Each structure stands twice: as structure tokens, then as C-alpha cells.
Amino acid sequence: MKRRSTLLAVLTSAAVAGTFGVLGITGADAAALNPAVAPGGNFNLGVWSLQLPSGSPGSPTTIPPSQLKGANGYTNPAYFFTDKTDGSMTFWAPEKGVTTPNSKYARSELREMNANGSAADWRLAGSHKLTANLRIPHVTKNVCVGQIHLGSGGPSTKPLVELYYRPNGDIYFGTEISPAGGQDVRKVGNVPLGTRWDYTIAVSGGNRVNLTINGTTTSYAIPSSFNPYGMYFKAGSYNQSSSDSTSNGAKVKFYTLTVTHG
């Protein structure tokens with residue numbers, strides 16, 4: 001099926017340009033991860049809230065930054081925990097779980113917040129970057145591991161971009177055609193299941209998204225129809241399949257996760 005191509009992809013070997021001020025380093029940069037503490041002991045979770053696939057229909061459980069922070073911060077043995085062997089921040093999202101009203105898929109996923117505890121809602125102007133090192137040991141069909149999502153400024157509840165991983169190791173990048181909907185999805189790489197890899201999703205100059213996978217960068221134009229909207233990053237396990245199974249789903253393990261704005 002022929003895909004629409006409103007967003008123009010341009011391959012480049014150059015690194016993403018710009019000077020970034022650090023909002024929150026959400027990974028243990030040089031130090032080894034401690035497998036004996038909660039995720040908040042290894043990662044600066046003061047700039048994230050957490051959505052879980054539990055709660056009441058249409059109203060998933062949400063954990064605020066104040067509860068996620070620190071070595072004794074929030075952990076959930078089913079959905080969000082520190083791996084006792086490698087210290088990774090681990091997310092599990094089953095095919096059957098509580099979802100938001102605008103999605104049919106369950107998720108265990110972080111939502112970007114400001115340092116003061118308010119919801120992040122930055123504008124496209126300036127420089128904004130989400131960087132991660134991760135691996136996916138299990139996925140049934142497809143999982144979203146990183147997003148830029150629309151915030152305030154209009155009626156749309158769509159993402160601007162989503163980064164997907166599939167069981168055969170293929171990595172896809174979805175870019176929204178307009179706030180009204182419609183997504184272009186392109187293959188951007190392949191990493192074998194269970195292998196660690198890096199990604200960076202960055203906004204440059206207010207009109208481009210730059211995606212870097214293991215050092216290779218692809219640039220995408222952002223349509224002007226998105227200019228009225230605020231934005232925020234998301235990262236974790238947003239499972240892209242649903243069924244009555246609580247044992248099938250997607251497990252995603254993060255070793256670093258960094259948000260910068262400038």
C-alpha cells in the first residue's frame with residue numbers, strides 16, 4: 001500500500017546540531033546501575049510521571065514524580081521495576097490492561113514533566129532532545145518506546161512522532177501527517193531482539209524532527225499545522241497489540257534516558 005509522504009525524510013550522517021541545556025539526566029551516565037534500588041535510585045524521575053496498565057476503565061493508574069524519585073521510590077513488581085541482574089529500569093505492558101479513553105492499547109510509560117511537578121508542554125521553537133539506551137527482550141507484535149506527543153493548543157490528542165520496535169528487530173518511525181491524524185511509518189533500522197541500542201529524538205529549529213538510531217540520523221520536516229501545539233516526550237513500553245492475554249505483551253529495559261532542552 002502506498003504511503004502518504006507529507007513529511008519529507010532526508011538521510012544525513014551529521015549529528016543533530018544545537019546546544020542543549022540539561023533539564024534532567026534520567027540515566028546513570030558513567031556510573032553502573034544499582035540493581036538493589038528502585039528505578040528512582042538510578043534515574044532522575046523527578047521530571048517524569050508514570051502511567052500503568054492498571055486502575056479503572058478509562059482511568060489508568062498514574063504515579064507522580066514526587067513518588068517516583070529516590071532509591072526508595074515507587075516500584076511495581078508487575079509493570080515497573082529495577083531488573084535485579086543489570087539495574088535497568090524495566091517496563092512491562094500486557095495486551096490486556098487498563099487504557100486511556102483515546103487508546104485501545106495498554107502501556108507502562110513515562111510522561112515528561114517539569115522540574116516543579118507541572119506537566120511539560122514545550123513549544124517547537126528551540127531545541128529539545130530525548131536520548132536513550134535500551135533493549136527489548138520481549139514483544140508480541142509491536143511496541144512504541146519513545147514519543148513526542150501533542151499537549152495544549154488544540155483539540156488533537158495525537159502524537160507528533162512515535163518510535164516502534166517489532167519482534168524481528170525492525171525499527172520503525174511514525175510521523176503524524178497533521179493534528180487531525182494519519183501517520184506515515186518508515187523503517188529506520190534493525191536491531192536483534194534482546195540487543196542494546198541507542199536512539200535520539202530531537203526537535204531542531206522548530207520545524208524538523210531528527211531521529212538518530214545507533215549513530216545514523218534521519219531528518220523529517222514538521223508541518224506548520226503543528227505550530228499551535230505544546231509538546232512533551234514519552235518513553236517506556238506502549239504496547240501496540242491487544243487481546244485477552246495478560247502474559248503476552250512488551251517488556252522494555254532502559255539503561256539511560258536523558259531529556260534536554262535549550
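This structure is a prediction, so every number in the text was calculated from the model and none was measured. Numbering starts at 1 and runs along the sequence shown.
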Pairwise side-chain contact, [X] with [Y], heavy-atom cut-off 4.5 Å (strictly under):
| X | Y | result |
| --- | --- | --- |
| V209 | I201 | yes |
| N207 | Y220 | no |
| P53 | V98 | no |
| F233 | I148 | yes |
| I213 | I171 | yes |

For [Y], is there any backbone N or O sitting under 3.5 Å from a side-chain donor or acceptor partner on [X]?
| X | Y | value |
| --- | --- | --- |
| T99 | S103 | yes |
| T140 | G249 | yes |
| Y229 | S156 | yes |
| S59 | S56 | no |
| S49 | P64 | no |
| T212 | G215 | no |
| H138 | P167 | no |
| S237 | K251 | no |
| S54 | P60 | no |
| H128 | R123 | yes |

Looking only at heavy atoms, which two atoms of [X] and [Y] are closest? And how far apart?
| X | Y | result |
| --- | --- | --- |
| G181 | E176 | CA-OE2, 3.3 Å |
| D198 | N214 | N-OD1, 2.9 Å |
| N239 | A250 | OD1-CB, 3.9 Å |
| P228 | S225 | CD-O, 3.4 Å |
| W92 | N248 | CH2-C, 3.8 Å |
| Y79 | P94 | CE2-CD, 3.9 Å |

Linking I/L/V/M/F/W/Y whenever their side-chain heavy atoms sit closer than 4.5 Å, directly or via other members, would [X] and [Y] fall into one cluster?
| X | Y | result |
| --- | --- | --- |
| Y105 | L150 | no |
| L134 | W48 | yes |
| M113 | Y238 | no |
| L50 | F81 | no |
| W122 | F226 | yes |

Go through the steps for F80 and Y74 under the test side chain to side chain contact (heavy atoms under 4.5 Å, CB included), then give the verdict.
CA-CA 9 Å; F80 177 74; Y74 179 85; 4.1 Å; yes
Under the side chain to side chain contact (heavy atoms under 4.5 Å, CB included) criterion, do T218 and F173 qualify, and how do the steps go?
CA-CA 10 Å; T218 313; F173 197 49; over 6 Å; no
Counting only heavy atoms not in [X], do more than 12 fall under 6.0 Å of its [atom1]?
| X | atom1 | value |
| --- | --- | --- |
| K84 | NZ | yes |
| K253 | NZ | yes |
| N72 | CG | no |

Taking the six-membered ring for Trp, are W197 and Y255 closer than 6.0 Å centroid to centroid?
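No.
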Within this structure, what is the [atom1]-[atom2] distance for the pair [X] and [Y], rounded to the nearest 0.5 Å?
| X | Y | atom1 | atom2 | result |
| --- | --- | --- | --- | --- |
| L52 | T62 | CG | OG1 | 7.5 Å |
| N102 | T157 | CG | OG1 | 4.0 Å |
| K129 | T260 | NZ | OG1 | 5.0 Å |
| L211 | T216 | CG | OG1 | 10.0 Å |
| I63 | N76 | CD1 | CG | 8.0 Å |

Using 30° and 60° as the class limits, which term best fits the ring planes of F254 and Y199: parallel, tilted or perpendicular?
perpendicular
Applying side-chain hydrogen bond (donor to acceptor under 3.5 Å, both in side chains) to E95 and S245, what does each step give before you reach the verdict?
CA-CA 6 Å; E95 292 195 330; S245 174; 5.0 Å; no
Could you tell me if R111 sits above the aromatic ring of Y232, with its cationic atom closer than 6.0 Å to the ring centre and no more than 45 degrees from the axis?
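Yes, R111 lies over the aromatic ring of Y232.
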Lys/Arg cation over aromatic Y172: R186, 6.0 Å, 45° cone:
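No cation-pi geometry.
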Does a side chain donor of either [X] or [Y] reach within less than 3.5 Å of an acceptor in the other side chain?
| X | Y | result |
| --- | --- | --- |
| N116 | S118 | yes |
| R208 | S219 | yes |
| N210 | T217 | no |

Does S88 form a side-chain hydrogen bond (donor to acceptor under 3.5 Å, both in side chains) with D86? I'd like the steps, not just the answer.
CA-CA 6 Å; S88 62; D86 62 12; 2.8 Å; yes
Give the C-alpha distance, both sets of side-chain angles, the deciding distance and a yes or no for side-chain hydrogen bond (donor to acceptor under 3.5 Å, both in side chains) between E162 and Q183.
CA-CA 9 Å; E162 293 180 286; Q183 190 177 69; 3.0 Å; yes
Identify which one of [options] satisfies the side-chain contact (heavy atoms from CB on, under 4.5 Å) criterion when paired with [X].
| X | options | value |
| --- | --- | --- |
| M231 | V203, L124, I222 | L124 |
| Y165 | D170, V143, V252, N142 | V143 |
| M89 | T82, L33, D83, L45 | L45 |

Co-members of the apolar cluster containing V37 [side chain, <4.5 Å]:
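The other cluster members (ILVMFWY side chains, heavy atoms under 4.5 Å, direct or chained): none.
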Checking E109 now: which residues fulfil salt bridge (charged side-chain N to carboxylate O under 4.0 Å, His left out) with it, not counting sequence neighbours?
R107, K234
Could you go step by step and tell me if T131 and T200 meet the side-chain hydrogen bond (donor to acceptor under 3.5 Å, both in side chains) rule?
CA-CA 4 Å; T131 300; T200 297; 3.2 Å; yes
